[in-house]
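Have a look at the structure below before the remarks.
Residue numbers start from 1 in every chain, and the chains themselves are labelled A, B, ... in the order their sequence lines are given, proteins ahead of strands. Just so it is clear, the model here is predicted, and its values are computed rather than measured. Atom set for the values below is all heavy atoms of this structure, side chains included, hydrogens, waters and symmetry mates excluded.
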Protein chains: 2
Amino acid sequence: MPDRPRRIPEATVTRLPIYLRILSELGGERGATVSSERLAELAGVNAAKVRKDLSYLGSYGTRGVGYEVEYLLFQVSRELGLTQDWPVVIVGVGNLGRALADYAGFTSRGFPVVALIDDDRSKIGTEHVGLTVQPVADLPRVVVERAVTIGVVATPPGAAQEVTDRLVSAGVTAILNFAPTVLTVPEGVSLRKVDLALELQILSFYQQHRESAPSASPARRT
Amino acid sequence: MPDRPRRIPEATVTRLPIYLRILSELGGERGATVSSERLAELAGVNAAKVRKDLSYLGSYGTRGVGYEVEYLLFQVSRELGLTQDWPVVIVGVGNLGRALADYAGFTSRGFPVVALIDDDRSKIGTEHVGLTVQPVADLPRVVVERAVTIGVVATPPGAAQEVTDRLVSAGVTAILNFAPTVLTVPEGVSLRKVDLALELQILSFYQQHRESAPSASPARRT
DNA sequence: GCATGTGAATAGATTCACAGCG
DNA sequence: CGCTGTGAATCTATTCACATGC
């Protein structure tokens, strides 16, 4: 009996999706294996890190051989909770919100977009990718009826916290924030952010310090 | 004479833009000050962390008082290299690329989008936000003529590495990658990524582990 | 023999707690 | 007195290096 209940470090969690992607690209025939060395190369990280990361999931490799791609793929998927769908609602149907709604990778990878929300009069009732834009007031009903667990916030910064509060009180327990604002959520709600301006400013820092400090560059792989 | 040459930790660099945003929102009258405690609250972090982060820039606070907002704002800006513009080229003019090109925050915050690149026949020559879409072959000229330093990769995953190589050989020294692929760049080139699927999968992990481990949630603030 | 799995060593980031100074 | 600035303590993550077992 494998001993499951290890606590997976946050840093490891952020890398699991990368391994997942690489494994699914490797695909290959049944029984194909991959070494930690090779996986590490493809993921742009250290091989020991790959082994330690994977060891948190269990002992899924074979000494002297490596990891069976298909089996490991399944185990990583399961650990990430990707054996089920997680319906998503997108709030804010501006340029970014629409681009996100269009993004096929969302739905195809287990995150079906089931509703679009916006309080702009001129947008309510319009259609995108087969969905009718609904007002914020519809959130409680939509969240319950469509079993929404993840809310994507793509509103202007001024509206983001209020929208988040509404999502949370409607029952959403995970938020992905694209608005350039610091959000606060209650204990127990997961929060991740994607901030374009912030990423550019980080790059700007390293540009700025390029001449003065020749090797002051950030991580070389993604 | 303030002693400049401290090496700023990467973790600190990623937080400077957050402080910057908060400081600029605080704005306020000339001479207004803010304490590390208050800054920390607004940034959703620990006050000691704020002080340590800011101390890497120099000694810009006043004991018993706090930090002068306007002065600190300038110092953080300067450290991030935001006292100058960093022209950006966007490669890949799909939904996401267009949304990025439209995103006013880019240009207004010192990252003017000076060119749009795509190798799709049907897109070359079309216009967006006053820019004509150009082929990849134009990169070397555009990068030199427009002094481009940052390349945004918004292509499908299959094209991302090739496009990146072209950007780098054209002279671009910082890459922001939106394609769901691991990119490799030469030593000395900065690389950051924004990966939507990855963020959703991380949230999925914490959703999955919600019942079983009540307090296994990630960072609560952004 | 060979690649995993993991203790031990190291490096890095966060937090504590308080001395120092306006 | 109050808040910064920072050594020291702690916690987290990474890397090394090798015993383990297929």
- Query: Taking CG from Leu54(B) and P from dT6(D), how many angstroms apart are they, rounded to a whole number?
  - Reply: 12 Å
- Rounded distance in Å - OH (Tyr60(A)) to C1' (dA3(C)): 19 Å
- Query: With side chains defined as the heavy atoms from C-beta onward, is the minimum distance between Tyr19(B) and Val50(B) less than 4.5 Å?
  - Reply: yes
- Atom CG of Leu39(A) to atom C1' of dT4(C): distance rounded to whole Å? 13 Å
- Note on the structure: Rounded to the nearest 0.5 angstrom, the CD-OG1 distance for Glu79(A) and Thr12(A) is 10.5 Å
- Note on the structure: Paired with Ser36(A), the side-chain hydrogen bond (donor to acceptor under 3.5 Å, both in side chains) test is passed by just one of Lys49(A), Arg51(A), Glu41(A), namely Arg51(A)
Under 3.5 Å between N/O atoms: give me all the protein pairs with nucleotides 1-3 of chain D, atom names plus distance.
residue	atom	partner	partner atom	Å
dC3(D)	O4'	Gly64(B)	N	3.0
dC3(D)	O2	Gly64(B)	N	3.3

- Measure the shortest side-chain to side-chain distance between Arg192(B) and Ile175(B) over non-hydrogen atoms and say whether it is less than 4.5 angstrom. no
- Heavy-atom check, side chain of Leu196(A) versus side chain of Tyr103(B), under 4.5 Å: yes
- To the nearest 0.5 Å, atom CG of Asn46(A) lies from atom CG of Asp53(A) at 10.0 Å
- Who are the salt bridge (charged side-chain N to carboxylate O under 4.0 Å, His left out) partners of Glu70(B), not counting sequence neighbours? Arg30(B)
- Whole angstrom is fine here: how far is it from CD in Glu68(B) over to P in dG22(C)? 17 Å
Please list each protein N or O that sits under 3.5 Å from an N or O in nucleotides 11-14 of chain C, with the distance.
residue	atom	partner	partner atom	Å
dT14(C)	OP1	Arg15(B)	NH1	3.0
dT14(C)	OP2	Arg15(B)	NH1	3.1
dT14(C)	OP2	Arg15(B)	NH2	2.8

- Atom CG of Leu57(A) and atom P of dG5(C) are separated, to the nearest Å, by 10 Å
- Taking atom CD of Gln84(A) and atom OG of Ser204(B), what is their separation to the nearest 0.5 Å? 7.0 Å
- Whole Å only: how far is the CG atom of Leu72(A) from the C1' atom of dA3(C)? 14 Å
